[in-house]
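The basis for the numbers below is simple: all heavy atoms, side chains too, and nothing from hydrogens, waters or symmetry mates. For ligands, and for the atoms within them, numbers begin at 1 and follow the listed sequence. Along the sequence shown, residues carry numbers from 1.
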Amino acid sequence: MIELHQVTKRFGDTLAVDAIDLCINQGELCVLVGTSGCGKSTTLRMINRLIPHTSGRLTIEGEEISQLDEQQLRRRIGYAIQSTGLFPHWPVARNISLVPQLLGWPEARVAERVKELLELLNLPFAEFAHKYPSELSGGQAQRVGVARALAGDPDILLMDEPFGALDPITRESLQNELLRIQRQIHKTLVFVTHDMDEALKLASQIVVMDQGKIIQQASPTELLLNPANDFVAQLLGGEDRGLKQAGLLRVAERMLPISSNNPSLDQAPVIQLQDSLRQALSMMLWHQCLQLRVYEGESLVGYLPLDRIIQANRHA
Ligand SMILES: Nc1ncnc2c1ncn2[C@@H]1O[C@H](COP(=O)(O)OP(=O)(O)OP(=O)(O)O)[C@@H](O)[C@H]1O
């Protein structure tokens, strides 16, 4: 668990982070979001002591980080950034093996780890291990950056706008990969972005910051349902909020059981149980219909009328 109690950071006269309290549980994917200059990156970098905090208490598993050996602390924390920070004259495998080598792992274990991570990040070893960073696309370089951050098997992974420079399609595919990886490795992730859609998609907890303060900490659904103030509501996209919320809720949560007196259902298009209400809405608009049949794999399990989607956005 990472805990911040009244943590403050001053750069001269600038109060970058203003007495924040924050608790990030083990296995959480916590996303810090807010407008430029609100203190997100500073907060992130205080966690691995790249920036020392000016005052307050910042603990990892109950230990105040300013009391810990700096090297030991960094071993427990992976760090991935937008520009990847890969060494340009080293091939991919050597870039990834840097931290395990610094940790003194035996050579065979380091080689095994590099293979394992390339596989985890969907980069075939034979194709990528010997390439140089200049021979990679932006998305591939970013995957290598994430692999490198995970190499020493840290408990915590800090990510500072890691997908910020990528085109929307690559970005979305890397977001999906991150969610898949997190389901597998279950680390504590702290992720910085200024993109609320990215935050809503990835986070188990969202921390909204403004002018060095935390304005709200909540799950994506709680945030969409109860934004703390107008600033948060604006960040959530004003009237687009309903659609964003429909993107988070699953068909399974709003469908109804099949009823025998619904003959028009036979003609209705099919959606899967795990799809989002936003996908359902989009399908209804496309097919100009008011209900969908809901399938789980090959089996019909229920139906979803339009009014259940509209109600979902009021009462979810
Ligand atoms: N090394 C530094 N020296 C002086 N001021 C700094 C330093 N680093 C950050 N600041 C200031 O602290 C404040 C918070 O910066 P920070 O980088 O944490 O914001 P951010 O929310 O991550 O912004 P962005 O999304 O633009 O990266 C800003 O006013 C910034 O100018």
Which residue holds the protein heavy atom closest to [atom], what is that atom called, and what is the gap in Å?
{"atom": "atom 18 (O) of ligand 1", "answer": "Thr42 OG1, 2.5 Å"}
{"atom": "atom 23 (O) of ligand 1", "answer": "Gly37 N, 2.8 Å"}
{"atom": "atom 1 (N) of ligand 1", "answer": "Phe11 CE2, 3.6 Å"}

Check: Any protein heavy atom lying closer than 4.0 Å to atom 30 (C) of ligand 1?
Finding: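 Looking at atom 30 (C) of ligand 1, one finds that no protein heavy atom lies closer than 4.0 Å.
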Check: Got a protein heavy atom sitting under 4.0 Å from atom 15 (O) of ligand 1?
Finding: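 Yes, because at least one protein heavy atom sits under 4.0 Å from atom 15 (O) of ligand 1.
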Classify the side-chain pair [X]/[Y] by whether it contains a donor and acceptor separated by less than 3.5 Å.
{"X": "Ser173", "Y": "Asn176", "value": "no"}
{"X": "Gln6", "Y": "Asp21", "value": "yes"}
{"X": "Tyr79", "Y": "Arg45", "value": "yes"}
{"X": "Glu64", "Y": "Thr59", "value": "no"}
{"X": "Ser282", "Y": "Gln279", "value": "no"}
{"X": "Thr193", "Y": "Glu198", "value": "yes"}

Next item on the list: Closest by any non-hydrogen atom to atom 22 (O) of ligand 1: pick that one out of Ala16, Ser41, Gly164.
Entry: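 Looking at heavy atoms only, Ser41 sits closest to atom 22 (O) of ligand 1.
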Next item on the list: Name the option, out of Ser36, Gly212, Gly34, Cys38, that contains the heavy atom nearest to atom 26 (O) of ligand 1.
Entry: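 The residue whose heavy atom sits nearest atom 26 (O) of ligand 1 is Ser36.
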Next item on the list: Compute the shortest N/O to N/O distance between Lys40 and ligand 1 and return yes if it is under 3.5 Å, no if not.
Entry: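 There is such a contact, yes.
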Checklist line | Minimum heavy-atom distance Ala280-Leu304, with the two atoms named | finding: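 Here Ala280 and Leu304 meet closest at CB-CD2, 3.6 Å.
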Check: Where's the contact between His194 and ligand 1, heavy-atom distance under 4.0 Å: side chain, backbone, both or neither?
Finding: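 Within the 4.0 Å criterion, His194 makes no contact with ligand 1.
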Check: Heavy atom of Gly39 under 4.0 Å from ligand 1?
Finding: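 Yes, that is the case, since the closest heavy atom of the residue is under 4.0 Å from the ligand.
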